[in-house]
Amino acid sequence: MSLPIKHEIDPVYDKNSRVLILGSFPSVKSRESGFFYGHPQNRFWKVLSGILNVPLPETVEEKKKMLLDHHIAVWDVIASCRITGSSDSSIKDVVPNDFTKILSESSIHCIFANGATSWNLYKKYILERTGIEAVKLPSTSPANAAWNLERLKTAWKVILEEDKNTL
C-alpha cells in the first residue's frame, strides 16, 4: 500500500471570511499546481465566478482575490490520507484537518461541501468539533458528469442565499 500523502496547500481565508467551501483532498493536478481545484476540467472556478458575476480568475493570485473579495474561504477536510490518483473512492487512513485556527481567525458561519465525499468526511470527522452543519453541494469535479455547468451554478447559488449580506 502507498504511503500517506500530506495536504500541503494552505487554506484561503482571512478575518472577513464568512463562508467556507470544503473539498475532500487535493487532486493530483491540484497537488502539482499547489492550489485548489487545479484540474482544468474541474468546474469550481467557473461555477463560483458565474454565480458571483465576476470574470473567471486565471492565476492563483486572481483566484485568492476573488475568494477573499467575496468573503469565501476554501480548504479541505483531510490533512493526510492514502489515495490512489485523485479518486475520492480510494481514500483511506484519513487524518482530518484541524479547523480550530481557521474558525477562530475568521467570521465563518456557513460551511458548504463540494460533493458527497467532502460532506460525508466532514460529518464523520469534523462536525462534532465545530458544531456547524455543512450543506452538501453537487461536486464540481469532472467525474460528476451528470451535472452540467448551468445546473451546477443553479445549485451553488444557495451560497448567495445563505449569506446575502456577504457576497
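Heavy atoms only: backbone and side chains are in, while hydrogens, waters and symmetry mates are out. The structure presented is a predicted model; accordingly, all values stated were derived computationally and were not measured.
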The reported gap from NE2 in H39 to CZ in R31 (rounded to nearest 0.5 angstrom) is 12.0 Å
Show which side-chain atoms of residues 142-149 pair as donor or acceptor with protein atoms under 3.5 Å away, not counting sequence neighbours.
from, atom 1, to, atom 2, distance (Å)
N144, ND2, S139, O, 2.8
N148, OD1, E150, N, 3.2
N148, OD1, R151, N, 2.7

- Query: Between the side chain of R18 and the main-chain N/O of H71, is any donor-acceptor distance below 3.5 Å?
  - Reply: no
Practice task
Any chance you could lay out the side-chain contact (heavy atoms from CB on, under 4.5 Å) test for K15 and S106, step after step, and finish with the verdict?
Solution key: CA-CA 4 Å; K15 65 181 171 62; S106 69; 6.0 Å; no
Interatomic distance, CD1@I51 vs NE2@H70, rounded to 0.5 Å, equals 9.5 Å
When rounded to the nearest 0.5 Å, the distance separating NZ of K136 from CG of N120 is 6.5 Å
Could you please spell out the steps behind the side-chain contact (heavy atoms from CB on, under 4.5 Å) verdict for L48 and V54?
CA-CA 9 Å; L48 268 191; V54 298; over 6 Å; no
For T100, the side-chain hydrogen bond (donor to acceptor under 3.5 Å, both in side chains) test, sequence neighbours excluded, returns D98
task = Spell out, yes or no, whether I5 and F35 are grouped together once hydrophobic residues are joined by side-chain heavy atoms under 4.5 Å, including indirect joins.
result = yes
Contacts of T140 meeting side-chain hydrogen bond (donor to acceptor under 3.5 Å, both in side chains) (sequence neighbours excluded), chain-then-number -> N42, N114
*Step-by-step ring pair (Phe, Tyr, Trp, His ring centres under 6.0 Å) determination, F99 to W75*: CA-CA 10 Å; F99 284 73; W75 206 19; 5.1 Å; yes
So, do S49 and P57 sit near enough that their side-chain heavy atoms are less than 4.5 Å apart? yes
As a quick check of understanding, evaluate side-chain contact (heavy atoms from CB on, under 4.5 Å) for V19 and I108, giving each step before the final call. CA-CA 5 Å; V19 169; I108 292 168; over 6 Å; no
Q.
For residues L68 and I159: do they belong to one hydrophobic cluster (side chain heavy atoms under 4.5 Å, members Ile, Leu, Val, Met, Phe, Trp, Tyr)?
A. yes
task = State, yes or no, whether a side-chain contact exists between V94 and K92 at a heavy-atom distance under 4.5 Å.
result = no
So ring pair (Phe, Tyr, Trp, His ring centres under 6.0 Å) across residues 10-32, not counting sequence neighbours, yields H7-F25
Residues D76 and N97: closest non-hydrogen pair is O-ND2, 2.8 Å
Margin query: If you define the side chain from C-beta out and look only at heavy atoms, does anything of K63 sit under 4.5 Å from F36?
Written below: no
So CD of E58 and CH2 of W45: to nearest 0.5 Å the spacing works out to 11.5 Å
Residue set satisfying side-chain hydrogen bond (donor to acceptor under 3.5 Å, both in side chains) with T130, at least two apart, ordered chain then number -> Y122
message: Are I132 and H109 packed together at the side-chain level, in the sense that at least one heavy-atom pair is separated by less than 4.5 angstrom?
response: no
Exercise. Above 12 or not: heavy atoms from other molecules or residues under 6.0 Å from NZ of K153?
Worked result: yes
* To do: State, yes or no, whether a side-chain contact exists between R82 and I91 at a heavy-atom distance under 4.5 Å.
  => no
Interatomic distance, CE@M66 vs OG1@T59, rounded to 0.5 Å, equals 11.0 Å
By ring-ring contact (aromatic ring centres under 6.0 Å, His included), W119 pairs with (sequence neighbours left out) none
Quick check: is V95 connected to I83 through a chain of hydrophobic side chains (ILVMFWY, heavy atoms under 4.5 Å apart)? no
Do V28 and Y37 belong together in a cluster built from hydrophobic side chains that touch within less than 4.5 Å? no
In short, G38 meets S30 closest at the heavy-atom pair N-OG, 2.8 Å
Subject >> Note, L52 side chain near L160 side chain (heavy atom, < 4.5 Å) >> reply: yes
hydrophobic_cluster_shared for V12 and I9, side chain cutoff 4.5 Å: yes
Exercise. May I have the step-by-step check of side-chain contact (heavy atoms from CB on, under 4.5 Å) for I21 and I72, ending in yes or no?
Key: CA-CA 7 Å; I21 300 173; I72 298 172; 3.7 Å; yes
Check your understanding: Does the S118 side chain pair with the main chain of G23, one donor and one acceptor, at a distance under 3.5 Å?
Key -> no
### Message
Any non-hydrogen side-chain atom of P4 less than 4.5 Å from a side-chain atom of D93?
### Response
no
Would you check if the side chain of E105 reaches a backbone N or O of I102 as a donor-acceptor pair within less than 3.5 Å?
no
Here the gap from L121 atom CG to Y125 atom OH, rounded to the nearest 0.5 Å, amounts to 6.5 Å
